[in-house]
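One structure is given below, encoded as structure tokens.
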Amino acid sequence: MNIETFKHIYFRMPIMVRLLLSVFVLMLTFGIIINMVEPEEFPTILDGVWWAVVTGATVGYGDMVPETIPGRIIGMLLILSGGGLLTFYITTFSSATVNHEHELSQGKIAYKGKKHIIVVGWNERTRQLVRMINDKDATVEMVLIDRTVNHLPYQHFPVHFIQGDPSEDATLAQANIEHAASVIITSDITKKERQADVLTILTTVAVRGNNEYVPINAEILSIAQVDNAIRAGATTVISSNDFMSTLFYHEIFHKESTRPFETILNMLNSQQFIQKPIPEKMIDYTFQDCLTHLLQERELLIGIIRDESWEMNPSPDFKLQEADMLIVLESWKQNPPNN
């Protein structure tokens, strides 16, 4: 290997690798030299390297010291060269750590993990979502993509922040979209409804183009854009305005003895509503027979989905079919609020 090839390889290495390699070569060189100059005091090369590291770091244990004039001259050269190099290495390492944390909070560091949840858009909804996921399972890795936030400290929010446009392939690559477990796209409420929905659909297209199989949960504000979001590749579309209007409607006209908003909120917060295929043994059961069977497993059957139509609380003799999906409410308990 000629000198030009070595320079080409060496100077393309990361600075931390170059510094560590330089320190290693310097300590090894002085260790070999002192072993050759004073073999009685430093009987092995390892002894020489130990002395070089201790001397270069200015620790100075004194367990091994040069006894001859040439050995002491070598020691002085080592202190002048090695001490400065080690100090520079430690300083550079500390600076790199601080810079990495700073760039992480600014969203400039690419995410390298797998099986993570990507959340698009930083707002009160996603802030609450991050908290809920973290409370449920602190081991779940979350990546946040947002182009409006310039700084998000990891110490305060347990997400890996990527600053950029979520509809661009480069930004999605930084979030490692290829290995994501799921994607949640929230609507930008600072935009007009149509504009916000267009951005959501555009992001959905970009995500689906980069990962053919990842589940995409997209929030749409206008009910007219739901079909477009599905065409774009969304697995689940949440029409938040329609959902909130329905809750307000039930709050206005509910009976005084019931509190539908709090009931639905607690159920959803505890993830108690589930949909599951009908077990093979329950095909041709009546709704009442299936209800009785599931009650033994502490599951309450409240309806079915057949041909994309919802049948809530059908008649007791309603016959279940093979392709039906059961809508089940699992057992749950509401804990009293903390005072």
Side-chain angles (χ1 to χ4, degrees), residues 1-116 138-139 141 143 151-163 170 173-176 178-179:
M1 180 185 295
N2 58 39
I3 188 65
E4 290 300 324
T5 303
F6 173 78
K7 287 168 59 179
H8 179 74
I9 296 175
Y10 179 78
F11 286 106
R12 291 176 69 89
M13 294 179 179
I15 185 171
M16 294 303 301
V17 176
R18 279 186 282 153
L19 281 173
L20 186 60
L21 181 61
S22 299
V23 171
F24 174 78
V25 171
L26 185 67
M27 297 300 109
L28 180 61
T29 301
F30 274 97
I32 294 173
I33 293 175
I34 199 67
N35 169 254
M36 295 172 59
V37 173
E38 294 193 16
E40 294 182 359
E41 184 67 24
F42 304 93
T44 66
I45 294 179
L46 182 59
D47 291 329
V49 172
W50 165 255
W51 168 80
V53 172
V54 170
T55 304
T58 66
V59 176
Y61 286 125
D63 53 344
M64 292 180 178
V65 294
E67 298 292 341
T68 65
I69 293 178
R72 292 178 179 178
I73 293 175
I74 293 172
M76 288 187 289
L77 292 175
L78 174 61
I79 293 173
L80 293 174
S81 58
L85 186 60
L86 280 173
T87 301
F88 183 60
Y89 171 75
I90 295 172
T91 304
T92 303
F93 181 80
S94 302
S95 177
T97 302
V98 174
N99 288 337
H100 180 82
E101 183 177 351
H102 184 65
E103 291 181 351
L104 184 64
S105 65
Q106 289 186 327
K108 298 179 180 180
I109 304 296
Y111 182 78
K112 302 297 183 182
K114 298 181 180 180
K115 303 297 182 182
H116 52 292
T139 63
E141 293 289 333
V143 176
H151 184 268
L152 191 70
Y154 183 83
Q155 296 90 336
H156 298 161
F157 305 100
V159 295
H160 185 107
F161 173 48
I162 301 293
Q163 207 283 337
Q174 276 192 294
N176 201 9
E178 184 178 353
H179 297 101

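Interatomic distance, CD of E38 versus CE of M64, reported as 11.5 Å (0.5 Å rounding). A distance of 4.5 Å separates CD1 of I34 from CD1 of I74, quoted to the nearest 0.5 Å. Between the CH2 atom of W50 and the OG1 atom of T55 there is a distance of 10.0 Å, given to the nearest 0.5 Å. With rounding to the nearest 0.5 angstrom, the NZ atom of K112 is 9.0 Å from the NE2 atom of H160. Atom CG of N35 sits about 7.0 Å away from atom OG1 of T44, to the nearest 0.5 Å. I162 CD1 to K108 NZ: the interatomic distance, rounded to the nearest 0.5 Å, is 12.0 Å.
You'll find the side chain of I109 stays beyond 4.5 Å of the side chain of F161, heavy atoms only. When side chains are defined from C-beta on, T29 does not count as touching M27, because their heavy atoms never get closer than 4.5 Å. Taking 4.5 Å as the limit, some side-chain heavy atom of L152 sits within range of a side-chain heavy atom of V159.
Here the closest heavy-atom approach between residue F42 and residue V65 is recorded as CZ-C, 4.0 Å. The two residues A52 and G31 come nearest to each other via the heavy atoms CB-N, 4.3 Å.
Annotation: E40, atom CD; neighbour count of heavy atoms from other residues, nucleotides and ligands within 6.0 Å does not exceed 12.
Relative ring orientation between Y111 and H116 is described as tilted, the plane-to-plane angle lying within the 30° to 60° band.
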- Evaluation steps, side-chain contact (heavy atoms from CB on, under 4.5 Å), between L28 and V49: CA-CA 6 Å; L28 180 61; V49 172; 4.0 Å; yes

- Step-by-step side-chain contact (heavy atoms from CB on, under 4.5 Å) determination, F30 to L77: CA-CA 9 Å; F30 274 97; L77 292 175; 4.2 Å; yes

